[in-house]
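Everything on this sheet refers to the single structure shown next.
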2 protein chains.
Amino acid sequence: MGVTISDVARLAGVGRGTVSRVLNERANVDPRTRSRVLEAIAALDFVPNPTARRLSLRRTQTIAVILPFLTRPSAVERLRGVEAALVRGGYDMIVFNVETVERREAVFRDLPRRERVDGLIIISLSPHETELERIGRIDLPVVLIDAHHRTLPRVVADDVLGGRLASRHLLALGHRRIGFIGDIPRIPLAFTSSRLRLTGVRREITAAGLTIPASLVAIGDHSPRRSTELATRMLTQRLPPTAIVCASDTQAAGALEAANALGMNVPGDLSVTGYDDIELADHLGLTTVRQPLFESGVRAVERLLGMIHGTPPGVLREVQPISLVVRRSTAPPSV
Amino acid sequence: MGVTISDVARLAGVGRGTVSRVLNERANVDPRTRSRVLEAIAALDFVPNPTARRLSLRRTQTIAVILPFLTRPSAVERLRGVEAALVRGGYDMIVFNVETVERREAVFRDLPRRERVDGLIIISLSPHETELERIGRIDLPVVLIDAHHRTLPRVVADDVLGGRLASRHLLALGHRRIGFIGDIPRIPLAFTSSRLRLTGVRREITAAGLTIPASLVAIGDHSPRRSTELATRMLTQRLPPTAIVCASDTQAAGALEAANALGMNVPGDLSVTGYDDIELADHLGLTTVRQPLFESGVRAVERLLGMIHGTPPGVLREVQPISLVVRRSTAPPSV
DNA sequence: CTCTGGTATGGAACCGGTTCCGATTGTAGC
DNA sequence: GCTACAATCGGAACCGGTTCCATACCAGAG
């Protein structure tokens with residue numbers, strides 16, 4: 001069925017080794033021989049079989065990406081960055097979407113084998129010690145994105161700072177009652193960014209000599225619908241906030257919806273901030289904390305490929321810049 | 001580095017062939033031999049090298065997914081379905097995101113080689129004849145999702161019907177001036193669904209004895225921002241529509257935003273319909289045409305794996321059911 | 001007891017590349 | 001003209017599986 005290197009060798013009247021040398025642009029091939037081989041390759045429309053190459057080279061030219069919730073725009077955006085950078089580097093990307101604990105276990109059990117992939121990128125999932133031990137044992141290069149572990153190279157943004165930026169902006173506008181809507185820090189799948197952002201908010205508010213009462217902190221799953229419920233409850237209590245910091249743009253969209261349904265004007269009656277600066281944020285005119293999502297994927301790949309090729313890993317924790325993007329969902333509180 | 005089948009054979013005191021027979025659960029292995037081999041496998045923690053297996057079997061256990069615009073929630077949702085079904089079937093998924101014409105050409109040039117993948121799923125991209133010819137030559141199983149081609153198996157929904165459903169609903173509510181906002185039918189990347197949906201809208205409106213003037217048809221790229229611009233222009237003209245059918249939920253969100261900015265009340269002053277029923281639609285209370293996105297991925301995989309295993313393909317064009325989901329963005333026009 | 005037929009199994013050949021080793025050829029130096 | 005060495009290249013060995021073939025063994029039939 002396929003044309004093999006032997007066919008090329010036969011047609012060019014050379015040995016298989018020579019064809020391989022031409023293919024891999026090795027030195028010590030006579031120019032005349034080289035061109036005969038190239039002609040034969042062209043004549044037969046030969047393309048080397050990648051599987052055979054992999055077996056021989058003991059390299060798969062493939063990296064795996066593990067991420068939870070392919071549903072989240074921010075995760076997808078990071079994945080886009082990973083994909084773009086991998087294609088540039090000539091690697092294939094195989095994707096594992098883990099939405100359940102069972103799936104997570106299965107993936108971490110089966111995947112990390114040197115024979116399957118050359119490296120691993122893990123997005124928004126912090127590996128357990130046992131998972132890590134398995135990876136370490138086979139000495140598989142790994143880079144984390146938006147996840148934490150003392151000993152693993154990672155690309156992250158400073159979520160605490162992000163929380164501070166959002167709340168600092170609101171405090172500067174004059175807000176004194178600031179609420180927070182964030183994700184459940186799901187134990188088995190372990191997200192921490194929402195929690196860290198809340199920490200940042202807390203710190204900033206404390207630094208301003210204020211506190212954030214428990215009634216103004218709402219935690220729920222990531223959907224805008226759930227966020228709308230939480231915001232509605234928060235806004236209809238006796239002492240509602242004048243501003244809400246949300247742990248994602250998606251949740252901010254939910255909060256906007258709640259305000260809207262309650263007949264409140266944003267930013268007149270309520271200020272709202274998001275996080276990520278996905279397309280939706282621009283569209284909704286959301287003030288948000290921008291983090292370089294696509295770029296985080298690109299950087300993770302660059303570092304991973306570096307590790308695969310033996311470059312020293314450099315600093316383990318690479319922190320990406322974040323910034324506040326002010327749009328029209330925030331304003332000074334009315335009175 | 002890794003434990004090989006020879007190590008197992010040596011430890012169990014058998015030949016490599018016998019180990020392979022045990023691994024593949026072939027008949028004709030003495031139960032005593034089998035258990036000796038299984039013990040050795042367990043003792044060495046042996047896992048067969050998939051690359052070697054692939055080379056030997058001439059099967060990659062991998063399928064490729066080509067899709068444009070990993071940015072669109074609807075595409076991502078289909079991809080989720082593909083991923084879930086492939087994992088169930090024991091296949092790896094490699095993803096190619098094509099956002100430019102160059103990339104499309106590169107992917108279609110390099111990818112379809114029997115040695116790389118066992119099958120191909122193409123989402124929202126209708127292959128050209130030349131691309132197809134290459135695929136046909138190597139006899140690679142392909143299934144399209146949300147894309148069209150006379151001779152290829154595909155999983156689609158009836159977009160014309162979808163357009164009709166949305167406009168029929170609006171007509172039934174009493175609307176007479178109905179606008180449409182859709183995608184550019186990008187020549188090189190060839191999306192057709194938006195165009196087909198417009199066709200459906202046209203037919204239904206014509207059937208009601210009305211027409212849809214050119215001033216009420218707006219075409220632009222897929223972003224909500226662009227859609228907001230188009231809707232704003234449409235709504236501020238001399239004879240604005242009382243309802244707008246949008247080719248996607250994303251664009252409908254843009255239209256809602258425009259209405260909002262113009263101080264118009266939805267559904268009081270303007271009805272809006274979307275398409276896809278992504279999470280956003282639920283959140284915005286958007287009346288929309290629901291199509292089974294996740295399920296389309298699942299079905300495509302089921303059919304592709306069937307083809308790979310030699311099941312007859314059955315009907316080429318599998319049409320998935322769609323339905324109108326009525327929420328609060330549509331109502332009778334205010335006189 | 002021999003013949004037959006089926007089962008179990010070792011091992012060679014194969015999948016399609018890469019790489020290493022050794023042989024051949026060519027050229028420079030003396 | 002002979003030696004030394006480098007450049008070139010063919011082909012074997014290897015990567016780690018699967019499968020086919022030949023053989024050994026065993027049981028039952030004649």
Side-chain angles (χ1 to χ4, degrees), chain A residues 1-41 44-62 90 92 110 113-118 138, chain B residues 1-41 44-62 90 92 110 113-118 138:
Chain A
M1 179 181 289
V3 178
T4 75
I5 204 169
S6 300
D7 300 326
V8 175
R10 202 172 315 122
L11 180 60
V14 301
R16 305 202 299 154
T18 303
V19 177
S20 178
R21 277 182 284 265
V22 171
L23 283 173
N24 295 287
E25 296 176 342
R26 288 259 173 312
N28 301 341
V29 177
D30 187 284
R32 291 194 310 275
T33 310
R34 150 173 271 107
S35 67
R36 272 220 319 287
V37 169
L38 291 176
E39 269 171 40
I41 289 176
L44 296 173
D45 192 20
F46 167 73
V47 182
N49 178 322
T51 303
R53 225 180 121 79
R54 283 167 194 190
L55 179 59
S56 183
L57 292 176
R58 320 178 83 174
R59 249 195 286 121
T60 61
Q61 286 289 308
T62 300
D92 282 347
D110 299 341
R113 312 215 103 104
R114 211 64 167 83
E115 306 85 19
R116 278 198 81 182
V117 293
D118 296 339
I138 57 165
Chain B
M1 178 180 289
V3 179
T4 74
I5 205 169
S6 299
D7 301 327
V8 175
R10 201 172 315 123
L11 180 61
V14 300
R16 307 202 297 155
T18 303
V19 177
S20 177
R21 278 182 283 264
V22 171
L23 282 173
N24 295 288
E25 295 175 340
R26 287 260 172 314
N28 300 344
V29 177
D30 187 285
R32 293 194 310 276
T33 310
R34 149 174 271 107
S35 66
R36 276 221 315 288
V37 169
L38 290 176
E39 271 171 40
I41 288 175
L44 296 172
D45 192 19
F46 167 73
V47 182
N49 179 322
T51 303
R53 216 156 175 269
R54 284 167 193 190
L55 179 60
S56 184
L57 292 175
R58 322 178 85 175
R59 246 195 288 121
T60 62
Q61 285 291 305
T62 300
D92 283 346
D110 300 341
R113 313 214 102 104
R114 211 63 169 83
E115 305 86 20
R116 279 198 78 182
V117 292
D118 296 340
I138 58 167

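Residue numbers start from 1 in every chain, and the chains themselves are labelled A, B, ... in the order their sequence lines are given, proteins ahead of strands. Only heavy atoms go into these numbers, but all of them, side chains included; no hydrogens, no water, no symmetry mates.
Under the 4.0 Å criterion applied to side-chain N and carboxylate O atoms, Asp92(A) and Arg116(A) are not assigned as salt-bridge partners.
Side-chain N/O atoms of Arg58(A) include none lying less than 4.0 angstrom from OP1 or OP2 on dG17(C). Arg54(A) has no side-chain polar atom (N or O) that falls below the 4.0 Å cut-off from OP1 or OP2 of dG16(D). For dT18(D), the OP1/OP2 oxygens have a side-chain nitrogen or oxygen of Ser20(B) closer than 4.0 Å. For Asn49(B), no side-chain nitrogen or oxygen approaches OP1 or OP2 of dC15(D) to under 4.0 Å. Within the 4.0 Å cut-off from OP1 or OP2 of dT18(D), not a single side-chain nitrogen or oxygen of Arg21(B) is found. Within the structure, a side-chain polar atom (N or O) of Thr33(B) is placed less than 4.0 Å from OP1 or OP2 of dT9(C).
Rounded to the nearest 0.5 angstrom, Leu23(A) CG and Phe46(A) CZ are separated by 5.5 Å. One finds the OG atom of Ser35(B) at 8.5 Å from the CG atom of Asp30(B) (value rounded to the nearest 0.5 Å). Separating the CZ atom in Arg54(A) from the CG atom in Asp118(A) is a distance of 8.5 Å, to the nearest 0.5 Å.
Straight-line distance from the CG atom of Asn24(B) to the C1' atom of dC20(D): 15 Å, rounded to whole Å. To the nearest angstrom, P of dC15(C) lies 11 Å from CG of Asp7(A). Rounded to an integer number of Å, the gap from Gln61(A) CD to dC15(D) C1' is 16 Å. One interatomic measurement links the two molecules: CG of Leu23(A) to C1' of dT19(C), which rounds to 14 Å at whole-angstrom precision. Atom CD in Glu25(A) sits roughly 17 Å away from atom C1' in dT19(C) (whole-Å rounding). Nucleotide dG16(C) holds its P atom 12 Å from the CZ atom of Arg10(A), rounded to whole Å. Between the CD1 atom of Ile5(B) and the P atom of dG11(C) there is a distance of 14 Å, rounded to whole Å.
Of all nucleotides listed (dT9(C), dT8(D), dG10(D)), dT8(D) comes nearest to the side chain of Asp30(A). Comparing dT18(C), dA7(D), dT7(C) against the side chain of Asn28(A) picks out dA7(D) as the nearest.
Looking at every heavy atom in both residues, Thr51(A) comes nearest to Leu55(B) through CG2-N, 3.5 Å. Across every non-hydrogen atom of Val14(A) and Arg36(A), the tightest pair is CG1-NH2, 3.5 Å.
Counted by atom type alone, Arg53(A) and Asn24(A) present one or more donor-acceptor pairs between their side chains at under 3.5 Å.
Checked by distance alone, Arg16(B) brings no side-chain donor or acceptor within 3.5 Å of a matching partner on the base of dG10(C). Checked by distance alone, Arg53(A) brings no side-chain donor or acceptor within 3.5 Å of a matching partner on the base of dG16(C).
Place Arg34(B) and Ser56(B) on DNA chain C by their nearest nucleotides, and Arg34(B) ends up nearer the 5' end. Map Ala52(A) and Leu57(B) each onto its nearest nucleotide of DNA chain D; the residue landing nearer the 5' end is Ala52(A). Nearest-nucleotide assignment on DNA chain C puts the 5′-proximal partner with Val29(B), out of Leu55(B) and Val29(B).
Under the 4.5 Å side-chain criterion, counting only non-hydrogen atoms from C-beta, Arg10(B) is in contact with Ser6(B).
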Polar atom pairs (N or O), protein with nucleotides 22-26 of chain C, under 3.5 Å:
none

